[in-house]
Amino acid sequence: MRRIDCFIPYYNDGQSSVTTANLSAENEVSKVVPIDGATFKSTKAMRLIASEAEAPFVMIYTKTTDLRFGKYSLERFLSVADDTSAAMVYSDHIKEIAGERVFSPVIDCQMGALRDDFDFGSVMIFRKEALKEAVSRMDVDYEYAGLYDLRLKVSQKGPLVHVSEYLYYEIETDTRKSGEKLFDYVDPKNRAVQIEMEKACTSHLKDIGGYLEPKFAEVDLGDGDFEYEASVVIPCKNRVRTIGDALSSALGQKTSFKYNVIVVDDNSTDGTVEVIKSFLGDPKLIYIPQDKSYHAIGGNWNAAIHHPKCGRFAIQLDSDDMYYDENTVQKFVDAFHAQKCAMVVGTYRITDFNLNTIPPGIIDHKEWTPENGRNNALRINGLGAPRGFFVPTLRKINFPVTKYGEDYAVGLRVSREYQIGRIYDVLYNCRRWEDNSDASLDIDKVNANNLYKDRLRTWELLARIKMNQKE
């Protein structure tokens with residue numbers, strides 16, 4: 001008996017560029033069913049797939065480019081699915097980019113891997129019973145989030161198993177660098193998609209006990225004895241081309257209160273230290289040179305917030321960025337007092353090195369709502385910038401000593417208990433240039449970064465489930 005039904009998208013003329021003969025020739029394939037690509041990820045399509053599925057397993061191929069399995073690979077997929085009782089299996093694969101073959105490994109799907117852009121590859125193979133059961137519980141009709149809703153609901157009933165073997169070949173059409181893909185989820189043109197994804201994720205959190213009601217702990221902003229009302233914190237390593245701009249921006253702020261700037265240099269070797277020292281004539285500047293042990297961005301932040309001269313509020317400025325104007329620090333402190341929260345996130349503008357606006361332009365994270373922001377934070381890949389923190393709260397949490405995701409970790413932890421405030425004025429120029437840490441990452445580094453953030457989500461989700469159970 002052939003054990004798998006395949007569903008593929010088609011467009012326009014009713015044809016897919018997937019060669020259906022390649023799929024039909026596989027020993028395990030029972031039938032190949034084309035579905036309108038315009039609605040392929042909708043709830044309507046998921047219901048159609050469930051109604052058409054007859055074989056024990058169902059393959060959903062999400063691309064329209066040609067697909068080929070390695071010899072015995074489809075049998076391997078189904079063998080692992082049988083052995084593990086998986087609700088869904090997916091695998092590493094090989095991409096053909098401009099005629100060259102490139103290995104494309106993916107990562108394990110954890111409990112907290114709630115990103116709607118989680119990379120399963122383009123081949124997702126579901127156990128028919130798990131798929132039909134999940135579809136039977138779909139009570140919202142999504143135009144964009146149907147497939148996302150499916151995999152979330154399936155994960156509630158069984159494991160999503162990663163076969164760490166290269167089982168198929170596909171042609172890759174999105175050849176942008178990692179830094180160019182980074183802001184897809186906050187591009188304004190994708191807002192309707194994001195609204196649906198948030199709704200599906202929130203429903204999932206309610207199903208598994210991880211949803212938090214909009215009830216928040218109060219923050220006593222008068223807590224602690226501080227000489228300064230605010231500190232701009234600039235962690236830095238080897239930024240000789242940009243640290244001067246950052247320091248000028250920070251030191252040039254106009255405020256109605258006393259503030260300072262804390263720059264933490266992590267053993268720069270390119271002349272950055274000399275640039276920092278040239279600003280020490282300004283009494284607002286505090287320079288912290290780190291020792292030779294490992295600090296990363298998180299460790300540098302910890303050095304700043306525990307410095308005795310750190311202010312009541314710590315406001316972020318990366319060493320290659322600049323504030324939008326001289327009012328940013330004042331706006332942050334005003335927002336803390338007006339919104340009475342433990343953390344505030346602003347709005348930023350994407351620019352090139354010369355501060356010219358580049359797509360997608362202004363990033364305001366308007367998908368954040370006071371009622372559901374902390375739940376949606378488990379789905380999105382970041383909370384935005386610039387970020388400000390109430391230091392007494394931050395000193396209890398601290399940053400993880402890592403150079404990626406440290407700010408996201410703190411944001412998740414803060415949002416578990418406290419409201420996060422927002423400022424929708426542009427406060428920050430975020431430079432995108434060749435020395436950005438995420439400008440052009442290879443697949444292994446992208447996977448490592450995503451794996452770490454998924455772990456952060458998993459830990460936070462487990463903590464929230466535990467908190468809900470106690471309550």
Side-chain angles (χ1 to χ4, degrees), residues 112 114-115 185-186 191 194-195 197-198 201-202 205 210-224 229-233 297-298 301 305 311-318 328-348 362-400 405-428 430 453 456-457 459-461 463-464 467-468:
L114 300 179
R115 294 175 288 120
Y185 77 105
V186 288
R191 181 150 293 155
Q194 292 302 309
I195 290 171
M197 297 297 182
E198 176 179 358
C201 183
T202 301
L205 291 174
Y211 171 80
L212 296 182
E213 298 283 348
K215 301 174 183 177
F216 303 93
E218 293 185 1
V219 180
D220 180 6
L221 296 179
D223 186 26
E229 184 71 359
S231 292
V232 176
V233 175
I297 298 173
W301 260 94
I305 65 174
R312 185 179 306 276
F313 304 105
I315 302 168
Q316 166 238 346
L317 178 61
D318 288 348
T328 293
V329 172
Q330 181 71 53
K331 287 182 176 180
F332 259 105
V333 173
D334 290 346
F336 272 108
H337 288 293
Q339 301 180 44
K340 301 186 186 312
C341 48
M343 179 176 171
V344 172
V345 180
T347 296
Y348 61 100
I362 294 174
I363 306 298
D364 53 23
H365 281 274
K366 283 188 176 178
E367 77 281 353
W368 180 279
T369 62
E371 298 78 20
N372 200 51
R374 62 179 177 177
N375 294 303
N376 196 39
L378 289 168
R379 180 187 66 86
I380 59 178
N381 226 17
L383 301 185
R387 297 167 289 276
F389 306 92
F390 179 49
V391 169
T393 299
L394 192 55
R395 284 174 173 171
K396 296 175 184 177
I397 296 173
N398 291 313
F399 283 83
E406 75 294 331
D407 52 341
Y408 183 60
V410 169
L412 287 178
R413 180 61 186 86
V414 169
S415 70
R416 187 195 312 171
E417 296 181 59
Y418 304 101
Q419 181 65 276
I420 293 180
R422 295 303 316 274
I423 302 174
Y424 292 108
D425 297 335
V426 176
L427 301 178
Y428 195 85
C430 178
K453 279 197 173 179
L456 293 175
R457 295 182 185 94
W459 299 334
E460 181 61 28
L461 180 56
R464 294 182 182 194
M467 185 171 71
N468 283 335

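The structure presented is a predicted model; accordingly, all values stated were derived computationally and were not measured.
Looking at every heavy atom in both residues, C341 comes nearest to L221 through O-CD2, 3.8 Å. Between G112 and L461, the shortest heavy-atom distance links the atoms CA-CD2, 4.4 Å. Across every non-hydrogen atom of I305 and R395, the tightest pair is O-NE, 2.7 Å. For the pair V333 and A230, the tightest heavy-atom approach, listed with the atom from each and the gap, is CG2-CB, 3.9 Å.
A side-chain donor-acceptor contact under 3.5 Å links N375 to the backbone of L212. No donor-acceptor pair closer than 3.5 Å links the side chain of K453 to the backbone N or O of G405. Checking side-chain atoms of Q316 against main-chain N and O of A385 turns up no donor-acceptor pair under 3.5 Å. Between the side chain of R374 and the backbone N or O of E213, at least one donor-acceptor pair lies under 3.5 Å. Between the side chain of Q339 and the backbone N or O of R422, at least one donor-acceptor pair lies under 3.5 Å. Under the 3.5 Å distance criterion, the side-chain polar atoms of T347 are left unmatched by any main-chain donor or acceptor of L427.
Within the 4.5 Å cutoff, side-chain heavy atoms of Y211 are placed close to those of T202. With a 4.5 Å cut-off on side-chain heavy atoms, R312 and F390 count as touching. For the pair H365/V345, no side-chain contact is recorded, criterion being any heavy-atom separation below 4.5 Å from C-beta on. R464 places none of its side-chain heavy atoms less than 4.5 Å from the side chain of L205.
For the side-chain hydrogen bond (donor to acceptor under 3.5 Å, both in side chains) test, no residue two or more places apart in sequence or in another chain qualifies with T328.
Taking CD1 of I420 as the reference point, atom CZ of F216 lies at 9.0 Å (rounded to 0.5 Å). Summarising the geometry, atom CD1 belonging to I362 is positioned 11.5 Å from atom OH belonging to Y348; distances are rounded to the nearest 0.5 Å. Atom CD1 of I423 is separated from atom CG of D334 by 8.5 Å, given to the nearest 0.5 angstrom. Summarising the geometry, atom CD1 belonging to I363 is positioned 9.0 Å from atom SG belonging to C430; distances are rounded to the nearest 0.5 Å. Here CG of N376 is found 11.5 Å from CE of M197. Values are rounded to the nearest 0.5 Å.
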Output a table of donor-acceptor pairs, distance under 3.5 Å, between side-chain atoms of residues 406-414 and any protein atom two or more places apart or on a different chain; print 'none' if there are none.
from, atom 1, to, atom 2, distance (Å)
E406, OE1, Y404, N, 3.4
D407, OD2, R387, NE, 3.4
D407, OD2, R387, NH1, 3.2
D407, OD2, R387, NH2, 2.9
Y408, OH, A377, O, 2.5
Y408, OH, I380, O, 3.1
Y408, OH, R457, NE, 3.0
R413, NH1, E417, OE2, 2.8
R413, NH2, E417, OE2, 2.8

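Using a 4.0 Å cut-off between charged side-chain N and carboxylate O, R416 and E460 make a salt bridge.
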message = Quick one, K366 with Y424, criterion side-chain contact (heavy atoms from CB on, under 4.5 Å). Give me CA distance, side-chain angles, the key distance, then yes/no.
response = CA-CA 8 Å; K366 283 188 176 178; Y424 292 108; 3.7 Å; yes
- [ ] Carefully, step by step, assess Y428 and L317 under the rule side-chain contact (heavy atoms from CB on, under 4.5 Å).
- [x] CA-CA 8 Å; Y428 195 85; L317 178 61; 3.5 Å; yes
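Of the candidates F399, F332, F336, F399 is the only one forming a ring pair (Phe, Tyr, Trp, His ring centres under 6.0 Å) with F389.
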